[in-house]
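Please read the structure below before turning to the comments.
Chain letters run A, B, ... following the sequence lines, proteins first and then strands; every chain starts at 1.
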Number of protein chains: 2
Amino acid sequence: MSNQSLPVVDPNAVACCSPLTVRPMDPDQATAVAPMFKALGDPVRLRLMSMIASVPEMCVCDLTPAFDLSGPTISHHLKVLREAGLVDSERRGTWVWYRVKPEALRQLGALLDIPASRSG
Amino acid sequence: MSNQSLPVVDPNAVACCSPLTVRPMDPDQATAVAPMFKALGDPVRLRLMSMIASVPEMCVCDLTPAFDLSGPTISHHLKVLREAGLVDSERRGTWVWYRVKPEALRQLGALLDIPASRSG
DNA sequence: CGTCTAGCTTGACAGATGTCAAAACAGGGT
DNA sequence: ACCCTGTTTTGACATCTGTCAAGCTAGACG
């Protein structure tokens, strides 16, 4: 199989991530993306996300004590972020480390972009 | 009262809207912003938002028929978007028109920005 | 005033969500 | 083998959410 005719930019991907302000989202894309926004729609998860995003990676053992919440609850919120595709986790020895998935952040950011032609 | 010593940029506002990736959000900001993400965290509302954002303003009468949902349900979702501060509505005669609030979109977009220094 | 249309509010209900306690699981150290 | 610590899973429960039907309000037009 040759890759000689692969387009440089997948046109589907362009439609997929063009800003909200450019064209109405099709229902499938909305269904795909909504869980990411939903995952960020809780104050605890938003803080978890920003704590993880502020550093290369973060141990659960450093996340949990920042909240007045039980370990299982933090674990639950981390699972929601993970299943939304916003973060990845990896166990190394005793501790579990979380990292953001920058491409997910970029996709959401792209959706919220306001093109220069609409900045009024 | 003179305004001679007003800072050009409110330092609080900077802290308020610096990207997630720059520093952990403080709990108050997370509580303030999460409802906006939450409002976008439903496929119907995400589509409504993008339909409204794609044009200067949009009549409810043109939004409702785009969904297989009752009028009250659409009205409910529009109320959620309105109370999250993402859109404004105005009645003019028979119809009600919805507009996006660009500054809200910009605030969320800014939070998701990935600074050039972190683009790896 | 009466009536028609557009949109919102209320009430009800099934299903989802946030939380914790208890139990289970994973590694490390003794 | 045993326990200790860190993390996740399970089960339970109160609250929140998405949806619709029915009723209500606002404006246009006779």
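Separating the CZ atom of A:F37 from the P atom of D:dT17 is a distance of 18 Å, rounded to the nearest angstrom. The interatomic distance linking A:L63 (CG) with D:dT8 (C1') rounds to 15 Å, in whole Å. Here D:dT7 presents its C1' atom at 10 Å from CZ of A:R82, a figure rounded to the nearest Å. In this structure, B:L81 atom CG and D:dT17 atom C1' are separated by 14 Å, rounded to whole Å. Distance CZ (B:R47) to P (D:dG18): 16 Å, rounded to an integer number of Å. To the nearest angstrom, P of C:dC8 lies 12 Å from CD of B:E83. The distance between atom NZ of A:K79 and atom C1' of D:dT7, rounded to the nearest whole Å, is 12 Å. Residue B:L46 contributes atom CG, which lies 13 Å from atom P of D:dG18 at whole-angstrom precision.
In this structure, the side chain of A:T64 engages the main chain of A:V60 through a donor-acceptor pair within 3.5 Å.
Side-chain contact between A:F37 and B:R45 is absent, with no heavy-atom pair separated by less than 4.5 Å.
Residues A:P115 and A:V22 approach most closely at CG-CG2, 3.9 Å, considering heavy atoms. Summarising the geometry of B:R47 relative to A:A30, their closest heavy-atom pair is CG-CB, 3.5 Å, with the distance given to 0.1 Å. In plain terms, the two heavy atoms of A:W95 and A:C61 that are nearest each other are CD1-SG, 3.6 Å.
With C:dG7, C:dA16, D:dT7 as the choices, the nucleotide that has an atom nearest any side-chain atom of B:V60 turns out to be C:dG7. With D:dG6, C:dG7, D:dT17 as the candidates, the nucleotide lying closest to the side chain of B:W95 is C:dG7.
Side-chain N/O atoms of B:Y98 include none lying less than 4.0 angstrom from OP1 or OP2 on C:dG7. Look at A:K38 and you'll find a side-chain N or O under 4.0 angstrom from OP1 or OP2 of C:dT17.
In this structure, CE in A:M36 is found 10.0 Å from CG in A:L105, a value given to the nearest 0.5 Å.
Residue B:F67 is out of contact with every strand shown, counting any heavy-atom pair closer than 4.0 Å.
Considering B:M58, B:E57, B:R91 in turn, B:E57 is the only one that fulfils the side-chain contact (heavy atoms from CB on, under 4.5 Å) rule with B:W97.
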5' to 3', nucleotides 19-30 of chain C under a 4.0 Å protein heavy-atom cut-off (B base, S sugar-phosphate only, - none) gives BBBB---SSS--

